[in-house]
Asker: 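Below is one structure. I have some questions about it.
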Amino acid sequence: MSAEIRVPAIGMALMGAQAVTPDTAAHWRAAAEGVFTVPTCDNCGTNYWPITHVCYVCGSLAWRWQPVSGTGTVYTYTWIDASTHPTRELQNIAVIQLDEVKGEPVRVPGWVVDVDKDTLVCDLPVEAAYATISDGIAVPHWRPRS
Amino acid sequence: VGCGQPLEEGEEHLSDGNWLRDKAAIVGFGHTAYGKRGQFAARGTTSLVIEAVIQACEDAGVSPADIDGYTSYSGDAVDPGTLAAGFGSERLRFTGMGWGGGGGGMGGAYMYAAMAVATGQADLVAVVRGITQPTGARFGGMGRGDEPPYPEARTPAQTFAMQARRHMHEFGTTIDHLGEVAVSSRAYACNNPEARFHDPITMEDHHNSRLIADPIRLLDCCLESDGGNCVLITSTERARDLRQIPVLISGAAMGAPRRWGMGAFGGLNMAARDYVSAGQRTIADDLYRNAGLGPSDIDVAMIYDHFTPMVLMGIEDFGFVPQGESGPFVADGNLRPGGLLPTNTHGGNLSEVYMHGMTHVYEGVRQCRGTSANQQPDVATSLVVCGSSPAPSGALLLRRFS
């Protein structure tokens with residue numbers, strides 16, 4: 001299934017080596033397994049975003065990428081002017097508010113696929129999908145939940 | 001004493017004091033000619049700032065050699081030691097560089113200067129900012145720390161567009177509301193000889209301008225510009241003896257609300273009410289308590305307009321209307337001459353020039369002195385709101401000395 005998802009070309013170009021850092025590698029590797037992860041406190045289990053190296057609830061320094069449900073809603077979005085975009089394709093960027101997290105609401109950046117200007121709206125229910133970039137590395141993005 | 005928007009449960013008013021109120025004053029400002037992006041790159045920012053400092057000193061009636069402190073922000077490359085040496089200053093006593101990229105850190109730069117002269121750490125401080133856009137990385141381009149680099153959301157227009165979209169979704173804000181910010185700013189710029197744009201625009205022009213990041217169009221975006229800038233700050237006591245009517249710094253504040261992080265640039269996880277804001281409601285609260293004034297005391301506002309939606313959200317954060325009601329407020333013409341809150345009467349970043357907020361201070365000072373090209377009647381107080389999104393952002397409340 002993951003191979004069917006088309007990642008925007010600019011994303012493909014910019015992903016690659018710079019995206020996989022010691023702090024983020026586990027996120028991309030989990031995506032290759034079809035699992036969406038967020039930074040999570042080892043001590044109290046609070047999910048958060050982005051990486052802050054310390055838990056805003058309990059102060060623990062220990063954290064790791066942990067799976068969350070992989071469903072959410074479109075909190076907000078924008079469509080980028082196609083004429084100036086390197087791909088010349090109309091693309092969106094979105095903020096996804098995740099379902100079922102521990103702690104305060106968690107919002108993550110992402111792309112929404114299988115939508116157009118009429119169907120991408122705030123509060124649209126979405127689920128994570130994954131596109132393989134290279135061996136063991138995939139990019140999560142989001143599609144409407146059926 | 002007013003506040004911005006009501007505080008969250010568990011939040012407290014932190015600034016009760018008048019510790020800085022009216023203790024420092026703006027006594028002069030100066031700038032080079034304003035250029036388009038890259039126009040002065042070959043000249044360099046040090047030369048631009050030196051010219052601006054000299055202009056400011058002529059305005060104030062002081063010598064550049066009298067300056068014993070410098071502050072700046074946004075990682076400005078101009079070096080205070082070089083300036084002090086160049087001007088032959090007897091000695092340098094104080095410097096401060098503000099965190100907070102873009103125009104956000106400007107509040108800090110002014111606050112440090114005011115604190116320095118109020119506490120005797122310096123006698124005359126120059127806030128400087130030199131800009132030649134292409135000499136570094138493209139301004140506003142961003143890396144986002146440790147966040148997985150989903151690389152699409154990489155420009156300010158895109159991140160502010162997403163805040164605007166959510167604001168529209170929650171409150172019914174419209175494209176016309178964004179457009180009114182752009183159109184009213186241009187109308188002011190048309191009267192301002194120093195503005196880079198003098199052609200009026202209509203709402204139709206706004207709607208027909210190129211879409212950059214929906215709902216943000218070209219005419220919702222600020223300019224990119226080159227220039228050198230300086231504002232001189234000294235103690236109120238000394239200011240009385242100088243050339244101009246002193247403009248007092250009645251309040252200065254900086255900061256960000258809880259879990260703001262890098263704001264729309266990548267934090268994303270602040271309280272929901274703060275995502276659809278300029279992130280300045282806690283700054284407003286500190287500022288008004290610091291100054292002993294409230295929104296109803298403000299005569300004119302200079303609100304950092306990198307993108308039109310952030311003017312709307314700034315109007316809300318500083319308590320001129322309840323959150324979500326800025327759209328109808330601007331649609332009623334309240335940003336215009338004679339409105340409840342004449343705003344960006346110089347033309348702002350959108351239509352005058354983009355000097356990362358320094359020209360908002362100039363215009364706040366001009367309105368208090370009574371010398372603006374778009375002078376509003378009986379101005380005693382000017383609010384200056386710094387660029388939203390970085391942490392810290394900031395604000396100043398200026399008051400005509402009387």
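Letters go in sequence order (proteins before strands), and every chain restarts at 1.
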Asker: Excluding sequence neighbours, so at least two apart, what forms salt bridge (Lys or Arg N to Asp or Glu O under 4.0 Å) with Asp42(A)?
Answerer: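 In terms of salt bridge (Lys or Arg N to Asp or Glu O under 4.0 Å), with neighbours along the sequence ignored, Asp42(A) is linked to Arg64(A).
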Asker: With Tyr73(B), which residues qualify under ring-ring contact (aromatic ring centres under 6.0 Å, His included), at least two apart?
Answerer: none
Asker: Counting only non-hydrogen atoms closer than 4.5 Å, does Val121(A) touch chain B with its backbone (N, CA, C, O), its side chain (CB onward), both, or neither?
Answerer: neither
Asker: Contact part of Arg259(B) toward chain A, heavy-atom cut-off under 4.5 Å: side chain, backbone, both or neither?
Answerer: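 The side chain, not the backbone.
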Asker: Could you state the interatomic distance from CG (Leu120(A)) to CG (Asp214(B)), rounded to the nearest 0.5 Å?
Answerer: 9.5 Å
Asker: Looking only at heavy atoms, what is the nearest atom pair of Cys122(A) and Arg166(B), with distance?
Answerer: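 Heavy atoms only, the tightest pair is CB-NH1, 4.1 Å.
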Asker: Apply side-chain contact (heavy atoms from CB on, under 4.5 Å) to Ala278(B) and list each qualifying residue two or more places apart in sequence or on a separate chain.
Answerer: Gln280(B), Met310(B), Met313(B), Asp317(B), Ser388(B)
Asker: Under 4.5 Å heavy-atom distance to chain A, tell me which part of Ala157(B) shows up: side chain, backbone, both or neither.
Answerer: neither
Asker: For residues 70-78 of chain A, give me every residue with a non-hydrogen atom less than 4.5 Å from any non-hydrogen atom of chain B.
Answerer: Val74(A), Tyr75(A), Thr76(A), Tyr77(A), Thr78(A)
Asker: What are the two closest non-hydrogen atoms of Ala271(B) and Arg107(A), and how far apart are they?
Answerer: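 Distance-wise, the nearest heavy atoms are C-NH2, 4.0 Å.
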Asker: Let me confirm one number: the CG-CH2 distance from Leu268(B) to Trp49(A), rounded to the nearest 0.5 Å.
Answerer: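 Those atoms lie 9.0 Å apart.
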Asker: Would you call Glu104(A) and Arg258(B) a side-chain contact if the rule is heavy atoms closer than 4.5 Å?
Answerer: yes
